[in-house]
Protein chains: 2
Amino acid sequence: MRTRIKELRARYDMTQEDLAKKVGVRRETIGFLEKGKYNPSLKLAYKVANTLETTIDELFIFEDSDLEQ
Amino acid sequence: MRTRIKELRARYDMTQEDLAKKVGVRRETIGFLEKGKYNPSLKLAYKVANTLETTIDELFIFEDSDLEQ
DNA sequence: AACAAATGTTAGATATAGATAACATAGTAA
DNA sequence: TTACTATGTTATCTATATCTAACATTTGTT
């Protein structure tokens with residue numbers, strides 16, 4: 001799974017910390033998300049998408065390999 | 001947050017167990033999701049949406065109150 | 001009625017998301 | 001150079017999603 005968080009965040013000229021504050025999580029959490037280091041909860045995914053004025057399906061891109069297991 | 005899982009599952013004439021097997025989780029997990037008893041991971045949300053041939057944003061409906069905290 | 005299938009619900013265990021704090025690294029500006 | 005800001009990364013901790021197993025309740029069918 002990859003994400004367009006970094007791309008959209010840059011478009012809004014926000015730092016990881018700016019986004020984290022708006023979303024209500026830690027800066028590291030945003031960093032890990034951008035790196036694909038974990039699989040967020042749906043609620044967090046929604047909050048990030050909402051903050052970046054997009055949808056979950058636009059923000060997170062799944063690939064076939066994500067369906068395995 | 002509410003979900004249309006039950007509605008779509010009925011449309012495909014699937015039991016909770018049928019859906020659970022396709023998605024790779026337990027029947028209870030689907031039951032709890034339908035009841036809004038917890039907040040799934042993005043990956044699980046995607047798998048359920050994919051199995052029901054819809055998108056995450058169509059399947060899970062957020063309300064303003066979901067943004068609090 | 002009685003039986004079966006689907007769903008509800010609970011309790012305890014395990015895996016992992018996310019918090020926290022700390023330190024490292026890269027870039028930029030004085 | 002120093003200093004600062006943004007990001008990377010690690011380790012430990014806590015909260016919670018999900019598993020597992022069991023039993024209860026509902027609903028349909030005979």
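In what follows, every chain begins at residue 1, and chains take the letters A, B, ... in the order their sequences are listed. Keep in mind that the numbers below use all heavy atoms, side chains included, and drop hydrogens, waters and symmetry copies.
- Distance, B/I30 CD1 to C/dT9 P: 16 Å, rounded to whole Å.
- Rounded to an integer number of Å, the gap from A/E17 CD to D/dA6 P is 7 Å.
- Distance check: A/T51 OG1 to A/L8 CG gives 11.5 Å after rounding to the nearest 0.5 Å.
- Looking at heavy atoms from C-beta onward, A/L44 lies in side-chain contact with A/T29 at the 4.5 angstrom threshold.
- What separates CE of A/M14 from C1' of D/dT7 is a distance of 15 Å, to the nearest Å.
- Remark: A/E58 CD to A/L52 CG distance equals 12.0 Å, nearest 0.5 Å.
- Among pairs with a residue in residues 34-56 of chain A, those fulfilling ring-ring contact (aromatic ring centres under 6.0 Å, His included) read A/F32-A/Y38, A/Y46-B/F62, at least two apart in sequence or across chains.
- Using a 4.5 Å cut-off on side-chain heavy atoms (C-beta onward), A/D13 and A/D18 make no contact.
- Atom CD1 of B/I30 sits about 12.5 Å away from atom NZ of B/K22, to the nearest 0.5 Å.
- Dashed line: the shortest gap from a side-chain N or O of B/Q16 to OP1 or OP2 of C/dA5 is not under 4.0 Å.
- Atom pair A/L42:CG and C/dA17:P shows a separation of 14 Å (rounding to whole Å applied).
- Rounded to an integer number of Å, the gap from CD1 of B/I5 to C1' of C/dG8 is 16 Å.
- The side chain of B/T15 lies closest to C/dA6, out of D/dG8, C/dT9, C/dA6.
- When side chains are defined from C-beta on, B/E63 counts as touching B/D66, because their heavy atoms get closer than 4.5 Å.
- You'll find the side chain of A/K43 stays beyond 4.5 Å of the side chain of B/M1, heavy atoms only.
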Open item on the list: Each nucleotide in nucleotides 12-30 of chain D should get exactly one letter: B, S or -. Can you fill that in based on protein heavy atoms under 4.0 Å?
Closed with: -----SBSBBB--------
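- Side-chain atoms of A/R4 and A/R11, non-hydrogen and from C-beta on, do get closer than 4.5 Å to each other.
- Computed from coordinates, the A/K21 NZ to C/dA19 P distance equals 14 Å when rounded to whole Å.
- Taking a 4.0 Å limit (strictly below) on heavy-atom distances, residues 52-61 of chain A does not reach DNA chain D anywhere.
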